[in-house]
Undergrad: 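Take a look at this one; I'll ask things after.
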Amino acid sequence: MRSRWVNKATALHLGVIAVLFALQFVLPDYHHVNLARVMVLASFAMGYNIAFGYTGLLSLGHAMFFAAGLYAAGLMALFAGVGAGGGLLLGVIAGLVVAAAVGCLALRTTGVSFMIVTLMFAQAAFLATFYFGEYTRGDEGFVIPSNLRSLFGLSLVEPTTRYFVALTLFSLCMAVSFAIARSSMGRVLAAIRENEERTRMLGYNVFLYKLVALVISGAISGAVGAAYGMLFGYVGATFASIQYSILPLLWVLMGGAATVLGPFVGTLLMFYLVDISSGFTSANMLIVGLALIGLILFFPKGILGTLRERAAPWLP
Amino acid sequence: MAAVTLLSTENLSKQFGGLTAVDGVSFTFLEGEIRALIGPNGAGKTTFVNLLSGRIPPTTGRVVFAGEDVTRLPAHTRVNRGIAYTFQITSTFAGMSALENVKLSAQRRLSTGFFGPNPDLLERVALSALDRVGLADRQDEIAGNLSYGHQRLLEVAMGLGLDPKLLILDEPTQGLSDEEIAVFVKLVREIARNASVLLIEHNMDVVMGLADTITVLDRGRILAEGTPEEIRRNDAVRRAYLGN
């Protein structure tokens, strides 16, 4: 019975990737670009979900991990002529190193204190992008030269390549989430989320597990930041602002925390909610707000989280 | 019974601000015994076992387990050395099934390398621990939905999943019915064939029926130590604890 569930879940996730792959041939240009962007942002949300959803670490500092990757790739492209491949690798390393350093300090706290300490670090990183404005050009940001935005000889300015790279990144992040959710490590992370002291008294080094989860989450965020810069060509301080820490939290909550596909569902929904409502009125955030209230009323655990609880317990 | 010392403390103390909860306790615990720790409320029993399990650090003194000084080891390392602690207030993973709860306790020990344990082996070990406490037929029930008595048994099964050398039970029969207590007493006897048991307990029938040796704590110090018969006849204990 358990193994049949695994197969069902595997089939669903492979199916989602297959549908996304097929969509690029039928979507009009406008939605084609949008969906590529949604897949990249959803990858960020999936990274966030590993810390917040699976481990229960409510971080308000993920903009810092995203920006670490974004600036690592962007600045190295601008000043050292590093291309997309090197940029992505640098993004992973930057996210990983920053998450490890911040994690070692911030994980000494829990709950609300953890939230505030991560926010504090992220704000310091945000301000640092202004402090080093000579290189980063602060708010205004800079554009990555399009000749450097290519991977294996394929230009990322080209929409088809861009879509394909976004889909690959998305699939990789999904595979990592899926593997963690199903692994024995995932079981320990869930235990930490439920009852940290009990987990410690079962012989687990809780601090180390939380640090590993945060580092994986940070490395993914950094990779996505680098990919975002390389795919869309722009690097700016907005991406280090608190908005980019809150957005993944919102996306994950909407789609369902601690579900593999929830971050994607949440990102997609939020993106098109803003996109469509802004076509009708300039007060579109009012519509978004009302939709969010509706969601909380009817899907208190997010769309997939509530679905799992009521109808599909096999969802990872 | 082999007279090998499994655990000992030397001059162990814990102060909380101005309050000395445990005051210079030197204690010896032999391998294979069932030891009951009794004493009036506030005697320092729970603080004392917390010092043994490493949940809190001592102010002064040493804890030696299986021949090694573990005073400075963090709690999770002590668990891995073989000191298992079951909580006074039931503390299971309420959102997970009973089987998942026990799997969590056995998983770390059975892991060989990065990818965790063999799932079939883990399932077998977890099921056998559930079976020993009589919960095998409830393996798929969510822990939070189990009755109080069954949650206490699940706690014990999680302790067994750790395969400990020393199992510390903190007031295990509190809140259980007489029938449940009878099951529990039988279970502890069965466990004691493979592990040593240190029991904090208020129910005197359970203490007198189970323990090989009883240690009486009062105001953070050891007041008396001996067989159930000796403790029953001890005047100081009667005055401090049993009334009279």
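Below, read A as the first sequence line, B as the second, and so on, with proteins coming before strands; counting in each chain starts at 1.
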Undergrad: Please give me the minimum heavy-atom distance between A:Arg198 and B:Tyr85, naming the atom from each residue.
TA: NH1-O, 3.6 Å

Undergrad: Do you know the tightest heavy-atom contact between B:Ala75 and A:Arg200?
TA: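 Distance-wise, the nearest heavy atoms are CB-NH1, 3.4 Å.
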
Undergrad: Might you point out which heavy atoms bring B:Met158 and A:Leu202 nearest each other, and give the distance in Å?
TA: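 Answer, listing the atom of B:Met158 first, then A:Leu202: CE-CD1, 4.0 Å.
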
Undergrad: Measuring heavy-atom distances to chain A, does B:Leu122 have an atom under 4.5 Å in its side chain, in its backbone, in both, or in neither?
TA: side chain

Undergrad: At a 4.5 Å cut-off on heavy atoms, which part of B:Leu162 comes close to chain A: side chain, backbone, both, or neither?
TA: side chain

Undergrad: Which distance, rounded to the nearest 0.5 Å, do you find between the OG of A:Ser184 and the CZ of B:Arg108?
TA: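 The distance works out to 12.0 Å.
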
Undergrad: Would you say A:Asn195's side chain and B:Phe93's backbone share a donor-acceptor pair under 3.5 angstrom?
TA: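 Flag not set: sc A:Asn195 to bb B:Phe93 has no pair under 3.5 Å.
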
Undergrad: With only heavy atoms counted, which part of B:Ser53 is less than 4.5 Å from chain A, the side chain, the backbone, both or neither?
TA: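 Interface part for B:Ser53: both.
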
Undergrad: When rounded to the nearest 0.5 angstrom, what distance separates CE in A:Met201 from CG in B:Asn50?
TA: 7.5 Å

Undergrad: Side chain, backbone, both or neither: which part of B:Arg81 has a heavy atom under 4.5 Å from chain A?
TA: neither

Undergrad: Quick check for you: to the nearest 0.5 Å, what is the distance between A:Arg187 atom CZ and B:Met96 atom CE?
TA: 8.5 Å

Undergrad: To the nearest 0.5 Å, what is the distance between CD (B:Gln107) and OH (A:Tyr204)?
TA: 4.0 Å

